[in-house]
Amino acid sequence: MRQELGDSMEQTVFVDVVLPVPIPQLFTYRVPRELSEYVQVGSRVVVEFGKSRVLTAIIAVVHHNPPPKYQAKYILELLDQIPVVTPSQLWLFSWVAEYYMCHIGEVMNIALPAGLKISSQSKIQYNPDFNNPELLSSEENTFLEFLLTQDSLTYDEVGRYLEKKDVNKVIKDLVAKHAIIVFEELKYKYKPKILKKIRLKRVYEGSEEVLQLIDSLEKSTKQQELILEYLSHIPIQDLPEKNKAGVEKTKLREAGVSDSSLKTLKDKGILEEIEVVISRFEESAGNPNKVIELSDAQREASNSIMEKFQEKQVVLFHGITGSGKTEIYIDLIQQVLASGSQVLFLLPEIALTTQIVTRLKRVFGSSMAVYHSKFSDNERVEVWRGVLDGTYQFVVGVRSSIFLPFDNLGLIIVDEEHESSYKQFDPAPRYHARDVAIMLAIKQHAKVLLGSATPSIESFFQAKANKYGLVSLNVRFGNAQLPEIRLIDVKKDRKEKTLVKDFSQLLLNEISSNLQNKEQTIIFQNRRGYAPYLNCQECNWIGQCDQCAVTLTYHMQSQQLICHYCGHRESTRKTCPDCGSTNVKSVGVGTEKIEDDLHEIFPEAVISRMDLDTTRAKNALQNIIGDFESGEVDILVGTQMISKGLDFDRVSLVGIYNADKMIHFPDFRAAERAFQLITQVSGRAGRREIPGKVLIQTGSPQNRILQFVINNDYVGFYESELIEREGYSYPPFTRIIEITVKDVDQTLAHQAANKLAEALSIRLGRERVKGPEKALVERIRNKFLFEVWLKLEKDKMNIQATKEYLKKEIVNLVTDKKFKSVQVIVNVDAV
DNA sequence: AGCACGCCGACT
DNA sequence: GTCGGCGTGCTC
């Protein structure tokens, strides 16, 4: 190393880069001499990958070792003088790739906002040196004449002009005849936001110069007015240094300045126009040092958390609904920020758009960044860069904000840590943001605070095992009391025929008295749409998706049948497509129907609905919440969306329409999810002075989960659930790897899954391999799904070795010609 | 994952 | 005879 240093200047520099493709390894490129001093780990480069792809890559290693077996290509461009990805991030990317069994490129793809990636598009252009027109067919000739009138064309545009799908052949022929040139146009996606400003040229910056200028313009009133208007914004006589910043062009326009007089003064060399890059985020004043008033109980919890952090990396904060966790978070965030470290506050997607962000903004102002999926790419790039350059020391964001370029984290808060939306589902990496947060914190010597009123069984288990610190807060904030929770036996009511549209008398009476008292009601039903399916009473037809093994949900508002798995929709008029009968009944109940029924029962009430369908538009969610907060709405009907972090003052009644689906779901986590969901929904009631009531309609009032819910007994629930989990070797005693085998051919998928399960159980033992079984929805988008589950004891199994083994067996499976079409998807720590 | 190359059926 | 179908194998 020491000896080589001398000639390293002469040696060719190579870089190993991460590419956004699902291929396991890094790729080595050669660095042109003129860039060799500037390449750094974490900088982006543009490279050619394959014959016709140009991609953005990240430098992971800089070295001098020419690859022995192939000729490295040159990098085409270096995009960053200063790296945009930190070494800590590169480490995290590869940790995530390894742990969740995917490729580092896939992690990079999710982590980097699209605005930091460059895409290329192949375009064609007329070759100016072309001189053999006799080689061309007449069609080619007409096409070339068209091309000459254009600057360049994309492949798509060529296709549209020729009315052809596949234009490769045409283009290839023309290239062979040297009539056209193909080139790659790089698209830089990020565009800074630019503000146009006007200012006086430097020579006029003095008081005398300005007065002279005004005199000299005596003949043209408009121009003189313009200068005077300008001076009203920038008093040059008193503060000449203000001229440098200038005045926004739009402000002058608003004051009645015309474009033409502006142009004249610009042409005369008196004014000049400048462009300033500005942030997309509004400046908002905060008061980061604002002292947060904590109750005694809150203060004690906050101190206790800080104390536990002395010895524990992770602290689980179990604070019941309405206990005022946010104030404690703010208190802790202030302490960490004051010490100069960064803070990341993770929230589930839904909770993020709402009240809590407003409250945090009030304290932290624009020193806090928000990172959210409804943000545009440009906005995301600005948050990224702001974290990098220190503008933002504090970020509030959804799960993907775990990948922002932090280098000095002091604290990560994971609020609602039990939320399953922290686990990414569909494209790889299938990571759990809470668990990644803990890894990242270990790497950066930061602390992690997991907060929840209903902690996940896993986290509480770690706390009980003394791996995490545990702090509990069991009183509500202020004078608020926990709501009284009652179960309503709808089976009994049904027998006695007292139900009205499946609402019990008790629930209806409570709603009615709430309406009279001008108090608000929330009705929860975890099913969107009008009804889960339609059923023809004449021929027994049931609306089903032809791509998936599920019934189509009836949405009355849009008059459509929608598949909630593949998104397929068809319009319906509630007539049977088979026999044409109009005697078609909807079966089951979704939020739409509840809204409808309540309208009928309480025509005077203002009812609003909050589910995926009513909140799709950009500000819809905000509007629904706003209307409910302001008291304009009496009853809010919603899916689980209403359970997440919402805080309403005047809700005194929560009705759970039907708890049975939740508690009887066939999944080992169903009990946990049901307990969490019902407790969280119940927690929306009685958060201030008005005491709350919760009514739960169920057919099994004796159910274990419901009994724990009505007694507000989280710990009791935890202990009973733990016994169940241990009996069946489920988490937290084991780690679960879910393997999904997919194919259009059901038999083939089944055979492949069988073969894989067999192979795996040879080394792991039959008891650790469950399945294959048909997936809960056995066909999605015309592919049949089979699942194999590995249950690996945390104390006995070497997880790393098992993953290697699993990888090998999957490769083994898909290299079998017979199974080449099957897809295998691995989900580590499936939830 | 893309994307090119390559080898077989239905058409100007 | 060509066009264009998609199987398979590689990407520094």
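Hydrogens, waters and symmetry mates play no part in the numbers below; they use all other heavy atoms, side chains included. Throughout, protein chains are lettered first and strands after them, A, B, ... in sequence-line order, and every chain is numbered starting at 1.
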Are any side-chain N or O atoms of [X] and backbone N or O atoms of [Y], one a donor and one an acceptor, separated by less than 3.5 Å?
X         : Y         : answer
Gln424(A) : Pro427(A) : yes
His103(A) : Val21(A)  : no
Lys73(A)  : Gly50(A)  : yes

query = Do the side-chain N and O atoms of Asp435(A) and Tyr422(A) include a donor-acceptor pair separated by under 3.5 angstrom?
reply =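 Tyr422(A) and Asp435(A) do not have a side-chain donor-acceptor pair below 3.5 Å.
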key: Residues in side chain to side chain contact (heavy atoms under 4.5 Å, CB included) contact with Glu787(A), at least two apart in sequence or another chain   =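 Residues passing side chain to side chain contact (heavy atoms under 4.5 Å, CB included) with Glu787(A): Glu738(A), Thr740(A), Ala775(A), Trp789(A).
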task = Take the protein atom CD of Glu106(A) and the nucleotide atom P of dA1(B), then report the distance between them rounded to whole Å.
result =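 Checked: the CD to P distance equals 8 Å.
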task = In whole angstrom, give the distance that lies between atom CD1 of Ile104(A) and atom C1' of dA1(B).
result =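 Ile104(A) atom CD1 is separated from dA1(B) atom C1' by 17 Å.
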task = Anything under 30° is parallel, anything over 60° is perpendicular, the rest tilted; go ahead and classify Phe130(A) against Tyr126(A).
result =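 Ring orientation of Phe130(A) relative to Tyr126(A): perpendicular.
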query = Taking the six-membered ring for Trp, are His372(A) and Phe375(A) parallel (under 30°), tilted (30 to 60°) or perpendicular (over 60°)?
reply =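 Perpendicular: the ring planes of His372(A) and Phe375(A) meet at over 60°.
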key: Stretch residues 90-98 of chain A: residues that reach within less than 4.0 Å of DNA chain B through a heavy atom   =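 Heavy-atom cutoff 4.0 Å gives no residues at all.
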Under 3.5 Å between N/O atoms: give me all the protein pairs with nucleotides 6-11 of chain C, atom names plus distance.
{"unit_1": "dT11(C)", "atom_1": "O3'", "unit_2": "Gly50(A)", "atom_2": "N", "d": "3.2"}

message = Considering every strand and a 4.0 Å limit on heavy-atom distances, what is the contact class for Pro22(A): base, sugar-phosphate, or nothing?
response =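 Base contact.
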ask   = Are Tyr74(A) and Tyr29(A) near enough that their ring centres are under 6.0 Å apart?
value =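 Ring centres of Tyr29(A) and Tyr74(A) not closer than 6.0 Å.
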